Trainee: 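Structure below; questions to follow.
Keep in mind that what you see is a predicted model, and the values were worked out from it rather than measured.
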Amino acid sequence: MSVVASTEDLALLEDYDDLLAWINDTLTPEDEARVDSLSDLDQQITQLIASLDIACEDTSSQLERVIDDVSRGVPRLIYDLHFVRDGAITLQNALTTVRGQSRGAIPQETEVALEQLKRLDTMKRNMEAAREMLKEAESWSTLELEVTSLLSERNYGKAASRLSEANKSMVVFQNTPEYDPRRTLMVNLQNQLEASLSSALVAAINEQDLATCRDFFAIFSDIQRESEFRNYYNGSRRSPLLTLWQDANLVESSTDGVVTFAEFLPKFYASMLALLNQERSFIPSIFPDPTLSLNSLISSILSALQPSFTQRLSSVVTHHGSSSLLQLIAALRATEELAVGVDKIIEKIKVSAINPSSANPSPEGSQPFTPSHGRRRSMRMSMSFRSAPHRSTSGGSLKTAGFMDGMDWDQELFQPFLEYQLDYGALERRLLDHALHEIISSDSGEKITDQARLLRERAVDVFGASTESLGRCEAFTHGYAAVSLVQTLDGFIKSFVDMWTADVSFALSGTAAAEDPTSEDLSGLDYTPQDWSHFQASLHLLGSARNISERMASFEVKLWSNIVETSNRFKAHRNDPVNFPLVSSRGEAQILEQSSLNSAELHALLERADQESSRVRDSRPQAATEPLLTDSRAAVFSFAKTCQTSLQTTILSPLRKQLAAYASSPSWTASDSKSRIVGGSNELQIPTFSLSPSETIQRVAEGLLNLPRLFEVYADDDALSFSLHTLPHLDAEISKNIPEQMSMSVDVLQSPPSHTRRQSLAHAKPLTLDPETVSTAWLSSLGRSILVYLVSDVLPQIKNLTTSGAAQLASDLAYLSPIVRALNVEFDELDRWKECIDLDDEAGKVKIEAGVSDHVLETVARIRGWH
C-alpha cells in the first residue's frame with residue numbers, strides 16, 4: 001500500500017458511518033481474483049496503522065493551532081458583536097431614509113406604469129394556470145374512451161399512467177358538482193384495470209414471475225391500489241399453508257384424529273418457514289419495503305387461519321383437560337422457535353437491503369448500485385454484521401433494538417397464548433391435582449397396611465411433581481407467573497397434607513394389631529394390643545410428618561433458587577435490556593410486560609428474593625421473614641398436631657377408661673359417716689379423718705407415674721421431637737424453654753441460599769432435641785391433657801356430692817396433685833377444685849351469696865346443693 005493510496009483512504013474515512021466497513025474496504029485487494037496471503041495482509045495493516053498514526057499527529061497539531069486561534073479571537077468576539085449590532089442599526093436607519101427618498105424620487109407617471117405592468121403580469125400567470133386546468137378538464141372528456149381502448153389493447157402500463165395523471169387533476173373539481181361523478185368514473189376505471197390484471201397477476205405470482213410481478217406492482221401503485229396488490233400476493237402465497245392448516249386431522253377436532261395440535265404445529269411452522277425463506281428472495285425484488293411486506297404476509301397468514309389459532313388452543317384446553325398445560329407449553333415452544341427463525345429471515349433481508357447489488361442481481365440493462373462517494377464496496381459482509389448480537393427484547397428497549405414501526409407480526413402470533421398465561425396458576429393446579437390422582441391411583445390396587453410408609457412414598461412423588469412445575473412456569477411464562485407458582489404450589493402441598501390430616505383416623509383404623517411389648521419396663525402398662533397398634537401407627541405417622549417437613553425444606557431451597565434466578569434475569573434485563581432479553585421474541589416479551597402478570601406482587605417477590613440473597617452473601621443477621629409455602633408449613637404442623645392428639649389419646653386411653661365411671665361412683669352420694677358417743681342429753685360427734693384415695697385415682701396415679709418409663713424407651717425417636725409447640729395443652733413456660741424446633745428449616749425457608757451453601761442446606765433436617773427436653777414436653781402435655789379431661793369432662797358430671805363424698809373427692813385431688821407435679825405439671829384449676837371441695841356448706845354458701853364465684857365454684861355449688 002503506497003503513501004498516496006493511504007492518503008486517499010484516509011480522506012474517504014469521513015464518508016463512512018461504520019468504521020469496520022471502512023477497514024474492510026481499505027484492506028480489500030484491488031484485484032478481487034487475487035487472494036492475499038497473511039504476510040501481505042499483515043504488511044497492509046502495518047502500513048495502515050502507520051498512516052493512521054501520522055494522520056493522528058497531523059490532526060492533533062491542527063487541532064492545537066485551531067484552539068490557539070480561537071482562544072486569541074474569543075476576547076474580541078464581544079466587541080465585534082457590538083460593532084456588528086451598531087452597524088446593523090445604522091444600516092436599518094439608512095434603508096428607511098433611502099426608501100422614503102426613493103418614493104419621492106419616482107415620477108407619478110413611472111409609478112402608474114409599474115403598477116400596470118404588475119397587474120398585467122398577474123393576469124398572465126393566472127391565465128396560464130387557468131389554461132392548464134382547462135386542458136386537464138378537457139382530458140376528462142376522453143378519459144374513459146382512452147382507458148378502455150388501452151385496456152382492450154392490454155397496454156396496462158399506459159392505462160395506469162393515464163389514470164394517475166387524471167387523478168392528479170381531481171383537485172380542479174374539488175367542492176364542485178362535477179367532483180362526485182368524476183370520482184365515480186375514476187374508481188370504475190381503476191376497478192376495470194384491476195379486474196383485467198387480476199387473473200394475470202395471480203398467474204404471475206403462482207409462476208413466481210418476478211419481472212411481471214414488479215411491473216404489476218408499479219401499475220397498482222400508479223392507481224393508488226398497493227394494498228390490493230398485497231392482498232392478491234399474500235392471498236396467493238398463503239393458500240397452501242391455509243389448506244395444510246384446515247385439513248389437519250387433529251385429535252382435538254375429531255374422534256378419528258391421528259395427531260395432537262402440539263405435534264402438528266411444528267410441521268406447520270416448518271412449512272411456513274420454508275415459504276418465508278423463499279419470500280426472502282422474492283419480496284425484495286417486488287416491493288420497495290421488503291421487511292414490512294414480509295410482516296404483512298405473516299400477519300395475513302395468521303389472520304386467515306380457519307379455525308383461528310385461538311380456537312385451536314381452546315380446543316386443546318377442552319380436549320386435554322387437566323393435562324392441557326403440557327400441550328400449551330409444547331405449542332408455545334414451537335411458536336417461539338418459529339419467531340426466532342422469522343427474526344433471522346428479517347435480519348437477512350435487512351442486511352441484504354444495505355447492499356442490494358449483492359443480495360438481488362439487477363435486472364438486465366439496469367445499473368448496479370454504487371455508493372455516493374464512488375468507492376467500490378466490499379462484497380464481503382462487514383465485521384459489524386458478523387458479530388452483531390441478536391437483539392430482541394421487550395418494553396422500552398424496542399427502539400434500542402432497532403425494530404421498525406409496524407413490525408407487529410409476532411404480537412399476533414403470541415397474543416392467543418396470553419389468556420392461558422394469565423391463567424397459569426389454575427392450569428398448573430389442575431395438572432398437579434391430576435398428577436396427585438395418578439399417584440394415589442397407582443397403588444390403589446394394593447392393600448398397604450403401613451400407612452406411614454405410604455405417606456412418605458407419596459410425599460416423594462408429590463414433591464417430585466412440584467419440582468417439575470418450576471420448569472413449566474419458566475417455559476410457559478418466563479418467570480412472570482412466579483407469584484402464581486408459589487401460590488399454586490403452596491395450595492397443592494397443603495391440600496395433600498390436609499387430605500392425610502382428614503384421613504388420620506382411617507389410617508389408624510387400617511393398622512393391624514400389634515403384640516404386647518416385650519420390654520419389662522413397659523409390661524406394667526395397661527394397654528391392649530389395639531392400643532399398641534394405634535400407638536405405633538400414630539408414632540410412625542408423626543415421623544412421616546417430620547419427613548414431609550424435611551422434604552418441604554429441601555424443595556423450598558429449589559423454589560427460592562428458582563425465584564432468585566428469575567430476579568437476577570429481571571435485574572440484568574433492567575440494566576441492559578438489549579443483551580439480556582427476558583424472552584427470545586420481542587412480541588411475546590411486550591405482551592407479557594404489558595399484561596397483569598407484570599404486577600406489583602411479582603416485583604415485590606423478586607425484590608424480596610434479591611434482598612434475601614444479598615443477606616446471605618453479606619452474612620448479615622437474618623430478619624424475621626415468613627417462608628414462601630406458609631399454608632403448607634401450617635398444614636404440616638396441623639397434621640403433626642393431629643398425630644400427636646391421636647398418640648396422646650392412645651397413651652391416655654387406660655387412664656380415661658379408669659375415669660369413665662369416676663363421676664358415677666357411689667362414694668359421692670354416701671351418707672355422712674359419724675361415730676356417736678351418747679352421754680346424758682348430749683351426743684359427741686367425731687368425724688372420720690385421713691381418708692385414703694379412691695382405687696380409681698390410685699390407678700390413674702400409677703398410670704401417670706408409669707409414663708416416664710414409656711418415654712425412656714421412645715424419647716430417642718425423632719418423631720416425638722418434631723413440632724413440640726403443637727402438643728395439646730402444652731404449658732406455656734415449657735413451650736418458651738423449648739429450642740426452636742425448625743431452626744434450620746426456617747433459615748432455609750427465610751433465605752435463598754448462595755451457591756456455596758445450597759448443597760448443605762438442601763438436605764437440612766430439623767433440629768434434634770435431647771431426650772430429656774422431649775420427655776419433659778410430652779409428659780407435661782399428657783399430664784395437663786388428662787387433668788383437662790378430669791376437670792372439664794369428668795368432675796362436672798357428678799350429679800350430687802354429700803359431705804362424705806366431698807371429703808373423698810378432696811382426698812383424691814390432694815393425692816393426685818403431687819403426682820402430676822412430679823411430672824412437671826402445674827395446673828391451677830386442679831388446686832382450685834380442691835380448694836372449693838374443701839369448703840364446708842356454710843362457707844360455700846357465703847361465697848355464693850357474696851358473689852365471689854367462678855366456673856369451678858359454680859360447678860361445686862351445683863353438685864353440693866349450695867344454691
Trainee: Is the backbone N or O of Pro627 less than 3.5 Å from a side-chain atom of Thr630, with the two atoms forming a donor-acceptor pair by type?
Mentor: no
Trainee: When rounded to the nearest 0.5 angstrom, what distance separates CG in Leu606 from CD in Glu565?
Mentor: 12.5 Å
Trainee: Report yes or no: does Ser538 contribute a side-chain atom to a donor-acceptor pair with the main-chain N or O of His534 at less than 3.5 Å?
Mentor: yes
Trainee: Checking Asp498 against Ser495: is there a side-chain donor and acceptor pair closer than 3.5 Å?
Mentor: no
Trainee: Salt bridge or not between Arg456 and Glu550? Use side-chain N to carboxylate O under 4.0 Å.
Mentor: no
Trainee: Between Phe827 and Asp831, is a side chain to side chain contact (heavy atoms under 4.5 Å, CB included) present by the stated rule, with each step listed?
Mentor: CA-CA 7 Å; Phe827 196 70; Asp831 297 332; over 6 Å; no
Trainee: Would you indicate whether the side-chain heavy atoms of Leu727 and Leu782 approach each other to under 4.5 Å?
Mentor: no
Trainee: When you compare the side chain of Gln648 with that of Pro728, does any pair of heavy atoms fall below 4.5 Å?
Mentor: yes
Trainee: If you define the side chain from C-beta out and look only at heavy atoms, does anything of Leu816 sit under 4.5 Å from Leu790?
Mentor: yes
Trainee: Please name the pair of heavy atoms, one in Ala330 and one in Ala262, separated by the smallest distance, quoted to 0.1 Å.
Mentor: CB-CB, 3.8 Å
Trainee: Can you list everything that forms a side-chain hydrogen bond (donor to acceptor under 3.5 Å, both in side chains) with Glu829? Sequence neighbours excluded, please.
Mentor: His855
Trainee: Would you call Lys834-Asp838 a salt bridge at under 4.0 Å N-O?
Mentor: yes
Trainee: If every non-hydrogen atom of Ser785 is compared with every non-hydrogen atom of Leu652, which pair is closest and at what distance?
Mentor: CB-CD1, 3.8 Å
Trainee: Leu489 vs Ser469, test: side chain to side chain contact (heavy atoms under 4.5 Å, CB included). Steps then yes/no.
Mentor: CA-CA 8 Å; Leu489 291 174; Ser469 65; 3.2 Å; yes
Trainee: Go through the steps for Ser694 and Asp812 under the test side chain to side chain donor-acceptor pair (under 3.5 Å), then give the verdict.
Mentor: CA-CA 6 Å; Ser694 63; Asp812 287 352; 2.8 Å; yes
Trainee: Do you know the tightest heavy-atom contact between Ile439 and Val462?
Mentor: CD1-N, 3.9 Å
Trainee: Work out which heavy atom in Thr859 is nearest to a heavy atom in Pro796; give both atom names and the distance.
Mentor: CG2-CA, 4.0 Å
Trainee: Does the gap between the ring centers of Phe639 and Phe496 come in under 6.0 Å?
Mentor: no
Trainee: First locate atom CD of Gln698, then atom CD1 of Ile819, and finally report the distance between them rounded to the nearest 0.5 Å.
Mentor: 10.0 Å
Trainee: Just verifying a value: how many Å separate Leu559 CG and Met552 CE, rounded to the nearest 0.5 Å?
Mentor: 11.5 Å
Trainee: Please check if the side chain of Gln327 supplies one atom and the backbone of Ser323 the other of a donor-acceptor pair under 3.5 Å.
Mentor: no
Trainee: Distance-only, no hydrogens or angles: does the Ser653 side chain make a donor-acceptor pair with backbone N or O of Thr650 under 3.5 Å?
Mentor: yes
Trainee: With a cut-off of 6.0 Å (strictly less than), are more than 12 heavy atoms of other residues, nucleotides or ligands near NE2 of His603?
Mentor: yes
Trainee: With a 3.5 Å distance limit and no angle check, can you tell me whether Thr645 reaches the backbone of Lys641 through a side-chain donor-acceptor pair?
Mentor: yes
Trainee: Is a side-chain donor or acceptor of Asp490 paired with a backbone partner of Gln487 at a separation under 3.5 angstrom?
Mentor: no
Trainee: Could you state the interatomic distance from CG (Asn575) to CZ (Phe570), rounded to the nearest 0.5 Å?
Mentor: 13.5 Å
Trainee: One thing to verify: whether Asp828 and Arg832 come together as a salt bridge, which I'm taking to mean a side-chain N less than 4.0 angstrom from a carboxylate O.
Mentor: no
Trainee: Is a side-chain donor-acceptor pair under 3.5 Å present for Ser667 with Gln808?
Mentor: no
Trainee: I want to check something: taking the side chain as every heavy atom from C-beta on, are His437 and Ser322 in contact at a cut-off of under 4.5 Å?
Mentor: no
Trainee: Do you know the tightest heavy-atom contact between Val856 and Cys836?
Mentor: CG1-SG, 4.0 Å
Trainee: Before you tell me yes or no, could you show the steps for Arg699 and Glu695 under salt bridge (Lys or Arg N to Asp or Glu O under 4.0 Å), namely the whole-Å CA-CA distance, both residues' side-chain angles and the distance that decides it to 0.1 Å?
Mentor: CA-CA 6 Å; Arg699 291 181 179 178; Glu695 183 180 356; 2.5 Å; yes
Trainee: Below 4.0 angstrom, N of the basic side chain to O of the carboxylate: do Arg862 and Glu858 qualify?
Mentor: no
Trainee: Assess whether a salt bridge exists between Lys736 and Asp731, defined as any Lys/Arg side-chain N lying under 4.0 Å from an Asp/Glu carboxylate O.
Mentor: no
Trainee: Of the options Val636, Leu454, Thr642, which is the one that meets Trp500 in a side-chain contact (heavy atoms from CB on, under 4.5 Å)?
Mentor: Leu454
Trainee: Ignoring hydrogens and geometry, is there a side-chain-to-backbone donor-acceptor pair from Ser664 to Ala661 under 3.5 Å?
Mentor: yes
Trainee: Applying side chain to side chain contact (heavy atoms under 4.5 Å, CB included), run through Leu592 and His478 and close with a yes or a no.
Mentor: CA-CA 9 Å; Leu592 288 173; His478 301 280; 4.0 Å; yes
Trainee: So, Ser817 versus Arg821: side-chain donor-acceptor pair below 3.5 Å or not?
Mentor: yes
Trainee: Check step by step if side chain to side chain contact (heavy atoms under 4.5 Å, CB included) holds for Leu801 and Ile837.
Mentor: CA-CA 10 Å; Leu801 194 64; Ile837 291 296; 3.7 Å; yes
Trainee: Work out which heavy atom in Ala660 is nearest to a heavy atom in Tyr789; give both atom names and the distance.
Mentor: CA-OH, 4.5 Å
Trainee: Between Arg551 and Phe463, is there a donor-acceptor pair closer than 3.5 Å when you use the side chain of the first and the backbone of the second?
Mentor: no
Trainee: Does some side-chain heavy atom of Leu325 sit less than 4.5 Å from a side-chain heavy atom of Val317?
Mentor: no
Trainee: What's the spacing between Leu485 CG and Leu602 CG if we round to 0.5 Å?
Mentor: 11.0 Å
Trainee: Given ring-ring contact (aromatic ring centres under 6.0 Å, His included), test Phe555 with Trp560 step by step and report yes or no.
Mentor: CA-CA 9 Å; Phe555 173 72; Trp560 259 126; over 10 Å; no
Trainee: Ser781 side chain to Ala777 main-chain N or O, any donor-acceptor pair under 3.5 Å?
Mentor: no
Trainee: Roughly how far apart are Gln421 CD and Asp423 CG, rounded to 0.5 Å?
Mentor: 11.0 Å
Trainee: Look at the aromatic rings of His725 and Phe637 and report parallel, tilted or perpendicular, splitting at 30° and 60°.
Mentor: perpendicular
Trainee: Quiz question: by atom type and distance under 3.5 Å, do the side chains of Asp770 and Thr773 form a donor-acceptor pair?
Mentor: yes
Trainee: Decide if the gap between the ring center of Trp668 and the ring center of Tyr662 is smaller than 6.0 angstrom.
Mentor: yes
Trainee: Between Asn562 and Lys558, is there a donor-acceptor pair closer than 3.5 Å when you use the side chain of the first and the backbone of the second?
Mentor: no
Trainee: Given the rule in the salt bridge (Lys or Arg N to Asp or Glu O under 4.0 Å) test, do Arg429 and Asp433 qualify, once you have shown the distances and angles that lead to the verdict?
Mentor: CA-CA 6 Å; Arg429 181 59 187 272; Asp433 289 341; 3.0 Å; yes
Trainee: Would Arg569 count as a cation-pi partner of Phe580, with NZ or CZ less than 6.0 Å from the six-membered ring centre and within 45° of the ring normal?
Mentor: no
Trainee: What I'd like to find out is whether the side chain of Thr528 reaches to under 4.5 Å of the side chain of Lys657, using heavy atoms alone.
Mentor: yes
Trainee: Between Thr726 and Gln644, do the side chains contain an N or O donor and an N or O acceptor separated by less than 3.5 Å?
Mentor: yes
Trainee: Could you check whether Ser599 and Glu601, counting side-chain N and O atoms only, form a donor-acceptor pair closer than 3.5 Å?
Mentor: yes
